[in-house]
There are 2 protein chains.
Amino acid sequence: MAVTLADVARRAGTSTAVVSYVMNDGPRPVAAATRERVLAAAAELGYRPNRIARALRARVSGVVGLVLADASNPYFAALARHIEQALESHGKLTLLGNAGFDPERQRQLAERFLDAQVDGLAVVSSDGGLDVATRAAAAGVPAVYVHHRPDRARTPLVAADNEASVHAAVEHLRWHGHRRIAFLTGPDDVGPVGERRRAWQEAVAPHEREPRLLRCDFSRAAAAALVQRLAAEDMLPRAVIVATDEQAIGVLSGASAAGLAVPDRLAVISCDGAPESAYTAPSLTVVAQPLEAMARYAVDLLFDRAAPPPALHAPLIPRRSCGCVVPAAGPPG
Amino acid sequence: MAVTLADVARRAGTSTAVVSYVMNDGPRPVAAATRERVLAAAAELGYRPNRIARALRARVSGVVGLVLADASNPYFAALARHIEQALESHGKLTLLGNAGFDPERQRQLAERFLDAQVDGLAVVSSDGGLDVATRAAAAGVPAVYVHHRPDRARTPLVAADNEASVHAAVEHLRWHGHRRIAFLTGPDDVGPVGERRRAWQEAVAPHEREPRLLRCDFSRAAAAALVQRLAAEDMLPRAVIVATDEQAIGVLSGASAAGLAVPDRLAVISCDGAPESAYTAPSLTVVAQPLEAMARYAVDLLFDRAAPPPALHAPLIPRRSCGCVVPAAGPPG
DNA sequence: CTGAAAGCGCTTACAG
DNA sequence: CTGAAAGCGCTTACAG
């Protein structure tokens, strides 16, 4: 059916070895005239190399597995896009799997990717994830965690400097005149979100006797419901740092539904800073995770065996939800 | 290095054929005792089948290519998630490629996927896309377009009934008392967005002498800027149907920045209805594309060679941006 | 610089 | 029910 290397060799009157050398520009040299004949034959026949056959023999599939803790989360989704793009610039195809926050599915995906002979494995994990990368190491496949690394895993991690970014957020709200700065996070303090929570605690402890810590599930719905409840009870803080975009968007949604003005009645800063956060109403002030840099470092780590980078800087991007006056709806950056 | 079928056969004292029959439950029967020995040997050695080798021999890779017109668009991203999930339930892995609205990249991705011997190709195209699926057909690989099919392509398409859904949106705004209903769409009228625009025209033509058609790029930034400009010129309509979520979110963002109340001053209905639309401020009334059904039909089409489905129903989901009073921030449905 | 041949790890007729 | 062997389409020593 399909045209094979052997067909091209026959047509060009040469061996399959030579055709392979021409197609791959090596590893042996080929005479210019022979090369021309091979190229012509390949073009005439419409030859397309079978990557599966190549993968089996050369032990390089050209494919990398990307395991996502949850694809519905815009922050993870944005990270995934950047990783896919970084992989493409390394000539790799991306096998994508969405675990939907299910650790067992995360593990299964990683194993199926390994069975598919991926050249590397990138895992965008959230807390609660199993250590899937260690099995990759056992199979001799390079792996990297992005955003979060499960306990006891030794695979390299690429992540931002959560401590510095939360400190910047606290300072910024204080500059706006807020003396009490609450923090909204998820049910527990694992992983990056835990670091953010601890950084907040550290930053407010010298100034506030009873820092206000709020918790709800990591979802828009939960955060919206929480804000509406607190509004009804007149228990809302005046300024809050929110651990994740998902919750921050929920906060804005709940505030809108409760008729609460942001930032006048409630100032908000979020800690993910996915592109979506620029077009909320009002636009969300964030400390933006450096998604592109994270993706690039992760992929470099996979293939250039570079050293793990230091924690990456997450810049504060002032928009309207903190009280800054900025041109609305500009480019997200 | 890795354990192979031959290793298992040796350990179990049988042939590779039998091991293969056991691993795949066929196609030949195996005596129960033999099967036990094989299973035990495989477990002891930690055997994991090499999918690449299987793919080469059996001509089935277990992988499907998914070409996305643009992954940054939450509507396309949501569609991609559902397709990935539908593929997983068919036991297929997903090779994901993001064309970033570049037709040439879309073509390249499709070809690389075909070279990788995918078992099928799903293309979530936008207007301007080249016909990449026809090349799949030439290679004997089943393909399907989702959302939009380029001109002259003969590959099956799975899409929603845009006409009916826009008619429902017009009726709904009329029910809210609006007599003039504007429409905001992109620079031209190709594909599904073109159908939506024509359906609007049809629906308002009998009632409005000069229906108001607005255009801007398919981005949040462009729609936000347009709304702010119109607000400054006091040229804003009172009710608008927006062709895409991206633009609708931009409209809300621009309205917020201009201090314009939605829905009181401007009622909005959007036509994609990705999950994100439920948590805008205010929550967005949408005619929701049936993403899950679209994904399921598309995947069934690929593997069960089912007949192309009729245009799918897109239900109107009343939220707050049209003027309805609904519990805010409920589940997105 | 080129060709004949082995081999990647499987599946699958074929023969028994 | 089982085994010996061919072959999927490539790459890569090896010999010339």
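Values in this document were obtained by computation on a predicted structure and should not be read as measured data. Every chain is numbered from 1 and lettered A, B, ... according to where its sequence line falls, protein lines coming before strand lines.
- Side-chain atoms of A:Arg54 lie closest to D:dT11 of the nucleotides C:dC8, C:dT11, D:dT11.
- The phosphate of D:dC8 (OP1 or OP2) has no side-chain N or O of A:Asn50 nearer than 4.0 angstrom.
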inquiry  = Dot-bracket, 5' to 3', for DNA chain D please: Watson-Crick or G-U pairs under 3.5 Å, [ ] where pairs cross earlier ones, | where the partner sits on another strand, dots elsewhere.
reply    = |||.||||||||.|||
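- Put simply, CD on A:Glu36 is 17 Å from C1' on C:dT2, counting in whole angstrom units.
- Close to C:dT2, at under 4.0 Å from its OP1 or OP2, lies no side-chain N or O of A:Thr14.
- Each of C:dT12, D:dA4, C:dG3 was ranked by its minimum atom distance to the side chain of B:Tyr21; first place goes to C:dT12.
- Taking only side-chain atoms of A:Arg57, from C-beta outward, the nucleotide of C:dG7, C:dA4, C:dG9 with the closest atom is C:dG7.
- A distance of about 16 Å separates the C1' atoms of C:dT12 and C:dG16, rounded to the whole Å.
- Distance from the side chain of B:Thr4 is smallest for C:dG9 among the nucleotides D:dT11, C:dT11, C:dG9.
- Spacing between atom CD1 of A:Ile52 and atom C1' of D:dC10 amounts to 11 Å, rounded to whole angstrom units.
- Residues B:Leu56 and B:Pro29 each lie close to DNA chain D; by heavy-atom proximity, the contact nearer the 5' end of the strand is made by B:Pro29.
- For the residue pair A:Tyr75 / A:Asp70, no side-chain donor-acceptor distance below 3.5 Å is found, with atom types taken as modelled.
- In this structure the side chain of B:Val67 never reaches within 4.5 angstrom of the side chain of B:Val124, judged on heavy atoms.
- Taking atom CG of residue B:Asp7 and atom P of nucleotide C:dG9, one finds them 9 Å apart after rounding to whole Å.
- Here the separation of C:dA13 from C:dG9, taken at their P atoms, is 23 Å to the nearest Å.
- If you measure from atom CG of B:Asp115 to atom C1' of D:dG9, you get 13 Å, rounded to the nearest angstrom.
- Checked against D:dT12, C:dC8, D:dG7, the side chain of A:Arg59 finds its nearest nucleotide in C:dC8.
- Considering only side-chain atoms of B:Val30, the nucleotide from D:dA6, D:dT2, C:dG7 that sits closest is D:dT2.
- Side-chain contact between A:Leu291 and A:Pro275 is present, with heavy atoms from C-beta onward closer than 4.5 Å.
- Each salt bridge (charged side-chain N to carboxylate O under 4.0 Å, His left out) pair with one or both residues in residues 80-89 of chain A, not counting sequence neighbours, appears once here: A:Glu88-B:Arg105.
- Residue A:Tyr297 qualifies as open at atom OH: its count of foreign heavy atoms under 6.0 Å is 12 or below.
- When side chains are defined from C-beta on, A:Leu95 does not count as touching A:Leu66, because their heavy atoms never get closer than 4.5 Å.
- Contact check on A:Arg112 versus A:Asp115 returns no salt bridge, with no Lys/Arg side-chain nitrogen under 4.0 Å from an Asp/Glu carboxylate oxygen.
- Distance CG (A:Leu5) to P (C:dC8): 19 Å, rounded to an integer number of Å.
- Between D:dC10 and A:Tyr47, a contact under 4.0 Å exists linking OP1 or OP2 to a side-chain N or O.
- When the C1' atom of C:dT2 is taken as reference, atom CZ of A:Arg35 falls 14 Å away, rounded to whole Å.
- Under 4.0 angstrom from either OP1 or OP2 of D:dT2 there lies at least one side-chain N or O belonging to B:Thr34.
- For B:Ala31, counting side-chain heavy atoms from C-beta on, the closest listed nucleotide (D:dT11, D:dT2, C:dT12) is D:dT2.
- The shortest distance between the side-chain N/O atoms of B:Arg28 and the OP1/OP2 oxygens of D:dG3 is not below 4.0 Å.
- Nucleotide C:dT2 holds its P atom 19 Å from the CZ atom of A:Arg10, rounded to whole Å.
- Taking only side-chain nitrogens and oxygens, B:Ser20 never comes nearer than 4.0 Å to OP1 or OP2 of C:dC10.
- There is a side-chain donor-acceptor pair under 3.5 Å between B:Ser61 and B:Asp119.
- Between the CG atom of B:Asp25 and the C1' atom of D:dC1 there is a distance of 16 Å, rounded to whole Å.
- At least one donor-acceptor pair under 3.5 Å links the side chain of A:Asn98 to the backbone N or O of A:Gly100.
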